[in-house]
Amino acid sequence: QSVANGGFVNNELGYDIAFTAGDGTTPLHADLESYNPLTGALVAWVLLPTLSPDYDSALYIYLESSAQTKEQQFSREVWSNGYVGVYHFSKNDSLDLSDSTSFSNHGTTIGSGVVSAGSPIATGVFVPKTSNAIKITASDSLSLTNTLTVESWLNLPALPHDYQAVYILGKEYYLNPIAASYNLYLASGSGNNPTAYIGTSLGGVKSVASQSIAALALNSWHHFAGTY
């Protein structure tokens with residue numbers, strides 16, 4: 001909590017919160033997604049130098065100087081290893097379509113229905129299926145010409161059917177057939193079990209499909225990922 005709310009964090013935006021490795025001195029880069037000064041709830045993405053499956057990896061949280069008036073976590077360094085777009089869709093529980101990477105591939109809303117909504121991690125975004133979307137301006141950093149991975153969390157109120165599709169994330173081939181394109185989407189398949197596709201124009205138009213064994217549960221969160 002913040003000092004004003006009986007805690008020890010001086011800055012109401014959490015700017016004096018810092019992370020170190022287990023030695024207590026080596027600073028760690030962190031992407032501070034959300035901090036609530038009233039409750040002390042914190043959501044941060046911290047880059048660890050190593051993460052072992054065999055033993056616990058320790059880190060420390062420190063409260064630094066009240067003189068800190070701007071974010072000091074170097075969030076872009078967290079996503080510097082090959083990421084070209086990372087979207088939390090929120091900042092301190094408010095709608096935020098900023099890209100956390102150094103490429104600044106920020107998003108803008110299409111339609112008036114895109115609003116903040118609950119999610120498995122902090123706050124997400126609700127996008128109605130009709131005439132609403134999130135648009136990211138084309139950039140060279142998004143013209144991937146090698147291997148790629150696209151992934152997202154998704155909560156579906158209804159499943160696609162009759163060969164309809166729900167687009168999750170992608171760079172549309174039909175808008176620019178010369179540049180590399182890719183997309184991750186759900187489409188109805190045999191038995192109306194959704195099929196996840198990753199389609200790409202890398203080295204010619206290709207698509208790879210993976211069909212769900214069972215129908216996805218509605219109104220539940222699922223993690224989708226496609227790798228090419």
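Just so it is clear, the model here is predicted, and its values are computed rather than measured.
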Within this structure, what is the CD1-CG distance for the pair I110 and N132, rounded to the nearest 0.5 Å?
9.0 Å

List the atom of S152, the atom of I168, and the distance in Å for their closest heavy-atom pair.
CB-CG2, 3.5 Å

Hey, what do you get for CG (L154) to CG (L169), rounding to the nearest 0.5 Å?
11.0 Å

Heavy-atom closest pair, residues S141 and V84
O-CG1, 3.5 Å

Using the test side chain to side chain contact (heavy atoms under 4.5 Å, CB included), find all partners of Q1 that sit at least two apart in sequence or belong to another chain.
N5

Could you verify whether a donor N or O on one side chain and an acceptor N or O on the other, from D96 and S98, lie under 3.5 Å apart?
yes

Sorted by chain and residue number, the side chain to side chain contact (heavy atoms under 4.5 Å, CB included) partners of A225 (sequence neighbours excluded) come out as E151, H223

With sequence neighbours excluded, tell me which residues meet side chain to side chain contact (heavy atoms under 4.5 Å, CB included) with D23.
A21, T25, T26

Angle class for the Y87/F89 ring planes (parallel below 30°, perpendicular above 60°, tilted otherwise)?
parallel

Is it possible for you to say whether V114 and F126 belong to one hydrophobic cluster, with membership spreading through side-chain heavy-atom contacts below 4.5 Å?
no

For the atom pair NE2 (H222) and CG (N155), what is the distance rounded to the nearest 0.5 Å?
7.0 Å

Please round to the nearest 0.5 Å and tell me the distance separating atom OG1 of T108 and atom CD1 of I134.
9.0 Å

Shortest non-hydrogen pair, S57 vs T50, comes out as OG-O, 4.0 Å

Are more than 12 heavy atoms, taken from residues, nucleotides or ligands other than N219, located less than 6.0 Å from that residue's CG atom?
yes

Show the numbers, then the answer: is there a side-chain hydrogen bond (donor to acceptor under 3.5 Å, both in side chains) between S104 and D99?
CA-CA 5 Å; S104 299; D99 173 20; 5.9 Å; no

Of all heavy-atom pairs between A44 and L32, which one has the smallest distance, and what is that distance?
CB-CD1, 4.0 Å

Using the side chain to side chain contact (heavy atoms under 4.5 Å, CB included) rule, take H88 and V86 through it: C-alpha gap first, then chi angles, then the decisive distance, then the call.
CA-CA 7 Å; H88 304 309; V86 174; 4.0 Å; yes

Grab the two heavy atoms, one from E12 and one from A4, that are nearest each other, plus how far apart they are.
OE2-CB, 3.8 Å

L59 meets the side chain to side chain contact (heavy atoms under 4.5 Å, CB included) criterion, sequence neighbours left out, with F19, L28, V46, L48, I61

Any side-chain to backbone donor/acceptor pair from D16 onto N10? Under 3.5 Å, distance only.
yes

Closest approach of G24 to Y62 (non-hydrogen atoms, all atoms of both residues):
O-OH, 3.3 Å

Mind checking the OG1-CG spacing from T123 to D93? Nearest 0.5 Å is all I need.
3.5 Å

Walk me through whether K91 and S34 qualify under side chain to side chain contact (heavy atoms under 4.5 Å, CB included).
CA-CA 6 Å; K91 183 68 174 180; S34 176; over 6 Å; no

Can you tell me which residue pairs pass the ring pair (Phe, Tyr, Trp, His ring centres under 6.0 Å) test with a partner in residues 98-122, sequence neighbours excluded?
none

Drop me the distance from L13's CG to N36's CG, to the nearest 0.5 angstrom.
11.5 Å

Could you walk me through whether Y35 and S2 pass the side chain to side chain contact (heavy atoms under 4.5 Å, CB included) test, one step at a time?
CA-CA 10 Å; Y35 170 69; S2 67; 4.0 Å; yes

Start with the C-alpha distance between E33 and S90, add both sets of side-chain angles, then the distance that settles side chain to side chain contact (heavy atoms under 4.5 Å, CB included), and finish with yes or no.
CA-CA 7 Å; E33 180 177 344; S90 69; 3.3 Å; yes

Check: N105 and L142 side chains under 4.5 Å, non-hydrogen atoms
yes

What pairs of residues pass the side-chain hydrogen bond (donor to acceptor under 3.5 Å, both in side chains) test when at least one of them lies in residues 109-119, not counting sequence neighbours?
none

Establish whether I121 and W79 are linked, either directly or via other cluster members, by ILVMFWY side-chain heavy-atom contacts under 4.5 Å.
yes

